[in-house]
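Below you'll find the structure, written out as structure tokens, and then a few comments.
Treat the numbers as computed from the prediction; the structure is a model and nothing was measured.
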Amino acid sequence: MRLAVKRMNNFNYLYEAEINVLGSIMLDKNHMEDCVLSPESFSPDWHHGKLFEVLQYAYKKFSDQPDPFYLPLLAQHWGKKLDKIGGMIKFVEIQKSVPTASGMFNHYQQVVNDEYVQREMRAAAERVAIGEATLQDVKARMEELEDIQSRTSVKDGPMNLSELLERHTSIIIKRSQHPGGVTGRKSCSTEYNTMSKGHQDGDFTVVGARPSVGKSAYLCNEAYASSEDGSTSLVVSGEDGAFNMLERMIGSVGRVKVSHMKSGQMTESDWERYSKAADLIGERKIFIDDSPSPTIEHIWRTVRRMIKLYPKMTLYIDYLQHLRSEKDFSSEREMYKYISYQLKQIARTFMIPVICLAAVGRSVDQRQDKRPMMSDIRDCGNIESDADVVIFLYRDDYYNADSNRKGLIDLIVAKGRNIGTGTITMVFDKPFQAFLNITEEIKQKRRDKGLSA
């Protein structure tokens with residue numbers, strides 16, 4: 001007899017929805033991939049959040065098994081640890097309570113998700129009423145919950161434009177409240193922020209350059225800048241280790257020479273600046289995954305897990321040619337074609353900006369004009385069509401040590417869906433790995449040295 005029948009006299013739709021979500025996952029493991037919920041999404045009135053946590057762990061640990069939720073397997077691994085949440089009998093009841101061909105999984109997880117958001121909103125309001133939180137705190141929490149609800153909403157198919165029109169006015173009003181008109185995540189370039197209004201949710205941006213031009217330094221400067229508004233920066237670095245990335249960020253934020261950190265020969269002034277930079281970086285939500293040669297499937301799993309905890313997030317990848325896939329392909333070109341498409345899908349699925357570095361081929365070095373062009377990244381899959389924005393980094397002093405443009409770096413926006421194209425010039429202070437906006441003071445100092453401003 002199903003639980004729904006047993007409890008007909010005391011029917012609770014949320015309870016049934018949670019049971020159906022759990023049972024559907026146990027009957028079809030593929031539902032776990034489509035699940036937008038987290039353990040916190042389930043009501044605290046029952047133990048379903050803990051049960052979901054067990055299923056999540058089993059799905060990951062026993063992924064090589066035909067059925068990762070095979071009850072004897074769960075019993076062998078957890079045994080009496082499950083007694084506090086109903087034991088194996090609970091899993092048996094849940095499994096029997098769901099029709100094998102329900103087809104209602106998305107509906108039920110939407111019910112659970114909506115109730116979670118409403119529950120959290122009520123809790124936030126109650127905290128204000130009893131003086132445990134300020135209105136500012138609650139406003140921030142409400143915005144976060146609205147963000148969670150929009151990102152985890154289960155899509156039901158095409159949407160009528162009349163529905164979009166109802167929401168469009170409020171979106172424009174919300175955009176108008178952003179300082180400086182930057183509606184997306186901030187870039188380290190104020191000029192690029194003006195041009196693009198920031199890195200936008202759902203956009204896939206590729207940043208290409210020759211080796212040692214400053215790609216990784218640019219990414220570190222970007223990851224720090226975008227986290228200024230309290231959002232999260234997730235850096236996946238197959239190119240460099242976490243400590244090297246951290247040192248670049250400390251160098252640019254604190255004006256500490258990276259060479260001094262590398263040698264350990266730090267002056268008292270270096271340590272003071274280091275300490276201030278560490279405090280600033282430590283206050284921000286910046287995460288680094290330095291798994292060597294990460295796969296695109298690993299990135300999907302990481303983002304899927306992180307987005308539930310940090311819904312306002314930007315993904316940075318260093319760099320495209322270090323990525324691999326768990327699938328087999330006939331050529332690297334086919335693999336990169338698949339990877340670039342998947343990066344775009346990550347941006348669209350989770351509605352986050354994705355910024356990926358890419359190495360530009362050495363053929364550019366054979367030309368008289370060595371500024372990279374779109375054709376220089378054709379070996380990197382379908383970037384020309386997949387990317388919303390393509391930026392190339394170019395330094396004249398990379399090729400000519402005596403250049404009067406020494407210390408300048410060009411951000412060549414070669415493709416800009418919705419933002420146009422153009423060239424932005426910044427200062428690349430290499431000893432500190434810092435990208436700096438060009439101020440009047442910097443222009444004057446460069447002129448005094450006989451350099452182009």
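Donor-acceptor pairing under 3.5 Å is lacking for the side chains of Glu239 and Ser216. Side-chain polar atoms of Asp203 and Thr205 form no donor-acceptor pair below 3.5 angstrom. A side-chain N or O of Glu40 and one of Ser38 form a donor-acceptor pair less than 3.5 Å apart. Asn418 and Lys197 share no donor-acceptor pair across their side chains, judged by distance under 3.5 Å alone. Remark: the Gln342 side chain and the Trp300 side chain contain an N/O donor-acceptor pair separated by less than 3.5 Å. No donor-acceptor contact under 3.5 angstrom links the side chains of Ser43 and Glu18, judged on distance only. Side-chain atoms of Asn20 and Glu16 form no donor-acceptor pair, as typed in the model, at a separation below 3.5 Å. Between the side chains of Ser41 and Asn113, no donor N or O sits under 3.5 Å from an acceptor N or O.
For Lys186 (side chain) and Glu228 (main-chain N/O), no donor-acceptor pair under 3.5 Å exists by modelled atom type. Ser293 places no side-chain N or O within donor-acceptor distance of the main-chain N or O of Gly238, the cut-off being under 3.5 Å. Between the Lys257 side chain and the Gly251 main chain, no donor and acceptor come within less than 3.5 Å of each other. For Tyr341 (side chain) and Asp386 (main-chain N/O), no donor-acceptor pair under 3.5 Å exists by modelled atom type. For the pair Arg185 (side chain) and Met313 (backbone), a donor-acceptor distance under 3.5 Å is present. Side-chain N or O atoms of Asn193 include one that pairs as donor or acceptor with a backbone N or O of Ser187 at under 3.5 Å. Remark: side-chain polar atoms of Glu222 are paired, donor with acceptor, to backbone N or O of Cys188 under 3.5 angstrom. Ser331 contributes a side-chain N or O that, together with a main-chain N or O of Glu334, makes up a donor-acceptor pair within less than 3.5 Å. Without hydrogens or angle criteria, Asn221 side chain to Gln433 main chain gives a donor-acceptor distance under 3.5 Å.
More than 12 heavy atoms of other residues, nucleotides or ligands lie within 6.0 Å of CZ in Phe287, so this atom counts as buried by the packing criterion. Sparse packing is recorded around NZ of Lys430, with 12 or fewer heavy atoms of other residues, nucleotides or ligands lying under 6.0 Å away. At most 12 non-hydrogen atoms from other residues, nucleotides or ligands lie less than 6.0 angstrom from CZ of Arg348. Summarising the local packing, CZ of Phe329 is surrounded by more than 12 heavy atoms from other residues, nucleotides or ligands at distances under 6.0 Å.
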Run the side chain to side chain contact (heavy atoms under 4.5 Å, CB included) check on Ile317 and Leu357 step by step: do they pass? CA-CA 6 Å; Ile317 298 170; Leu357 303 183; over 6 Å; no

Which is it for Asp290 and Ser237 under the side chain to side chain donor-acceptor pair (under 3.5 Å) test, yes or no, and what are the steps along the way? CA-CA 5 Å; Asp290 62 355; Ser237 176; over 6 Å; no

Trace of the side chain to side chain contact (heavy atoms under 4.5 Å, CB included) decision for Phe428 with Val213: CA-CA 10 Å; Phe428 177 42; Val213 165; over 6 Å; no

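Applying the salt bridge (Lys or Arg N to Asp or Glu O under 4.0 Å) test to every pair with at least one member in residues 208-218, sequence neighbours left out, gives these pairs: Arg210-Asp365. Identified under the salt bridge (Lys or Arg N to Asp or Glu O under 4.0 Å) test for residues 319-328, with sequence neighbours left out: Arg301-Glu326.
Ion pairing between Lys344 and Asp388 holds under the 4.0 Å rule for side-chain N and carboxylate O. Of the charged side-chain nitrogens involved, at least one lies within less than 4.0 Å of a carboxylate oxygen, so that Glu33 and Arg304 count as a salt-bridged pair. Between Asp429 and Arg255 there is a salt bridge, with a side-chain nitrogen of the basic residue lying less than 4.0 Å from a carboxylate oxygen of the acidic one. Under a 4.0 Å N-O distance rule, the pair Arg122/Glu115 qualifies as a salt bridge. Contact check on Asp240 versus Arg248 returns a salt bridge, with a Lys/Arg side-chain nitrogen under 4.0 Å from an Asp/Glu carboxylate oxygen. Salt-bridge annotation for Lys312 and Asp201: absent, with no side-chain N of the basic residue lying under 4.0 Å from a carboxylate O of the acidic one.
Taking the six-membered ring where tryptophan is involved, the planes of Phe42 and Phe52 are tilted, since the angle between them lies from 30° to 60°. Below 30°, between 30° and 60°, or above 60°: for Trp46 and Tyr15 the angle between ring planes is above 60°, a perpendicular geometry.
Tested against His31, the residues Phe69, Phe105, Tyr108, Tyr59 include a single ring pair (Phe, Tyr, Trp, His ring centres under 6.0 Å) partner, Phe105. Screening Thr302, Ile288, Val303, Leu315 against Val236 for a side chain to side chain contact (heavy atoms under 4.5 Å, CB included) leaves a single residue, Leu315.
Arg284 forms a cation-pi arrangement with Tyr224, by the criterion of a distance under 6.0 Å to the ring centre and an angle within 45° of the ring axis.
Not counting sequence neighbours, the partners of Ala223 by the side chain to side chain contact (heavy atoms under 4.5 Å, CB included) test are Ser233, Val235, Met249, Tyr316.
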